[in-house]
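To start, the structure itself, in structure tokens.
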There are 2 protein chains.
Amino acid sequence: MTPWEVKGNVDYDRLIKEFGVSKIDDALLKRIKKHTGELHHFLRRGIFFAHRDLSFILDEYEKGNKFYLYTGRAPSGDVHIGHLVPWMFTKWLQDKFDVELYFQFPDEEKFLFKPELTWEEAQKALHENMLDVIAVGFNPKKTHFLIDTKHANLMYPEAIKVAKKITFSTVKAAFGLDNENNIGSIFYTAMQAVPAFIGSVIHKKKVPCLIPHAIDQDPHFRVSRDIIPKLGYDKPASIQCRFLPGLTGIQDNGKMSSSLENTSIFVKDDAATIKKKVNKYAFSGGRDTVEEHRLKGGNPEIDVAYQWLVFFEEDDKKLAKIYSDYTSGKLLSGELKAILIKKLTAFLTEHQKRRKNAEKFLDKFIL
Amino acid sequence: MTPWEVKGNVDYDRLIKEFGVSKIDDALLKRIKKHTGELHHFLRRGIFFAHRDLSFILDEYEKGNKFYLYTGRAPSGDVHIGHLVPWMFTKWLQDKFDVELYFQFPDEEKFLFKPELTWEEAQKALHENMLDVIAVGFNPKKTHFLIDTKHANLMYPEAIKVAKKITFSTVKAAFGLDNENNIGSIFYTAMQAVPAFIGSVIHKKKVPCLIPHAIDQDPHFRVSRDIIPKLGYDKPASIQCRFLPGLTGIQDNGKMSSSLENTSIFVKDDAATIKKKVNKYAFSGGRDTVEEHRLKGGNPEIDVAYQWLVFFEEDDKKLAKIYSDYTSGKLLSGELKAILIKKLTAFLTEHQKRRKNAEKFLDKFIL
């Protein structure tokens, strides 16, 4: 156990085996560092922990053939702090490697998969979600929003080439669809595959694609990795992260969910809400009494406030100090929560400030 | 039996019952004539013989709410003379009622359904087919070509609203698709439904839609007629025609097929080819010997040359004369064929002349 370790009820080592992805090892970290100068704390701490074909991306980069980044957000409801994790890392990759990013907003996905969601609601969510993505701080000159229904002229002709090579049997097996699913949801995965080679379509030459994403999205890209080489492009590479644990605890579920109000901090939450939620819901690794805590120390392994600091406290020294103070019993659970509350409040206040300003940059980002 | 009757091995009365369409009766013909002044010979001769909701279209028209027309062509291979039948009639409707026409080119359909067809071939066919449609003589000011992959920005957002309401079970039952069909072909029917309400989308009010088409396309529109009212638009109406029989005979199949070289006259065929094909392949209703023919007369009911003249000889008096001369034995089978050859050659020479000129109008037609 180290200060950097992120726990959860998800067995990530098993996922690596099951999905057939590769662990990011020290040699690969070193190789990344050669180009970036420093390593993002998500890399230092194993939050981005797995990949496919990252060496290929670096091989090409070292030959002078820059990759582009692809990530996305299926518009719906509110963005929570867990969504920001891959986006923040994507921004870092964009800045360090000075590369283009295609950010997909598949504004039909939730509309097709959620029976009750109306088109108007999906379009409203699209608008709100775009503002949150802009607030992350992407480079407007190198970031292109791809909106499925607004860029259908570009995407649909490519999606049908993908679709021609995927049978209903395949999507049934990969995504658990059945005969009662609507035909839009059956087709959808073809649209999600397009940004993984759109850079090559637009630039009319093979441009490698790197997809930063949470590990649970891997099945989508596994299907498209099979298809894309048949269209004459390279398989997209990926770099994959763990989930930010839900507030109510690591034992509940491994992933934050925006449908459970109590397990999430939303990016629009104000200081009072953050304070209330962390104090009330964040699962504690502290002991039952102050005396016992002072004696035995807290357990950071199951403490959500601590685990969140692994994601949001960038400074290794500060985090190590918190770790030792907490395990020694010097830092109480409430004090630890107060550190997180301060961190999150500062972080989200900045986000909200940038978000307020985002509307006027929207046109610059839309392809 | 009258000179106007079109035969075939297709039992159209049974189709009317089976599909649940309505026969165009004399009252309806009268009502059309009130607006058009004359009746197209396709109506006079029962070639356009069935409809859905045509009375609704006329009700609205009489109230001052003009309908628009929707027909289409799935690009692939060569256009044959049978394809021209609904297009010629659509042009007549456009001219007589002075209405807009959305002409769909679903350039992904054949690509998705024919394993061997490449994207480049489909795009070439699209270009060639558009020239043939222009050559029919549509009004460029009121005719809008809708190309699925080029107008996807307009069509895909509408198609997903249709798609959300159609399950795989439904397309399985309606079109005989199965688990091994590709996911693009499964989605496709949603794209074909869009032009049936696109006039209302574009004009931001309910505009009735009338679809002239060959009767075999009815299943597509039956599915979309169920869905479209759920999106807040009126069911599209339709007016449906019989097939131009194949050259090799009414007993072979009811429909001309472009995959059978011998049963088709292609619009690009030259005078020599037309002459050769008609003389060699057109199934004859003449007698075995000249003597027998003179005595008993020919049988126009099974004679393809005669049946084609029902489609292509507009003049009722001329056709009646041919009929009586042929049944009386005055006109020999070869002479009848010569009449058809002359008619087709003149008709296609004109078409080819207009087609040569069509390229420069292309931009005017594309929406």
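Quick note on labels: first sequence line is chain A, next is B, and so on, each numbered from 1.
Contact annotation for B/Phe111: both backbone and side-chain heavy atoms come within less than 4.5 Å of a heavy atom of chain A. Using a 4.5 Å cut-off between heavy atoms, A/Ser169 contacts chain B through both its backbone and its side chain. The contact between B/Lys172 and chain A is made entirely by side chain atoms (from C-beta outward), counting heavy-atom distances below 4.5 Å. Contacts between A/Lys150 and chain B at a heavy-atom distance below 4.5 Å involve the backbone alone (N, CA, C, O).
Around atom NZ of A/Lys268, no more than 12 heavy atoms belonging to other residues, nucleotides or ligands sit under 6.0 Å away. In the displayed structure, B/Lys124 atom NZ is contacted under 6.0 Å by at most 12 heavy atoms of other residues, nucleotides or ligands. Dense packing is recorded around NZ of A/Lys142, with more than 12 heavy atoms of other residues, nucleotides or ligands lying under 6.0 Å away.
Separation of atoms NZ (A/Lys161) and CD (B/Glu108) is listed at 12.0 Å; rounding is to 0.5 Å.
Across all non-hydrogen atoms, the minimal contact from B/Lys114 to A/Lys164 is O-NZ, 3.1 Å.
By the 4.5 Å heavy-atom criterion applied to side chains, B/Tyr156 and A/Met191 are counted as neighbours. No side-chain heavy atom of B/Ile183 sits less than 4.5 Å from a side-chain heavy atom of A/Val162. Put simply, the side chain of A/Ile160 reaches to within 4.5 Å of the side chain of B/Trp119, judged on heavy atoms.
Using bins of under 30°, 30° to 60° and over 60° for the plane-to-plane angle, the ring pair B/Phe168/A/Phe168 lands in the tilted bin.
Among the candidates B/Asn153, B/Thr170, B/Asn182, B/Asp178, the residue making the largest number of heavy-atom pairs closer than 4.5 Å to chain A is B/Asn153.
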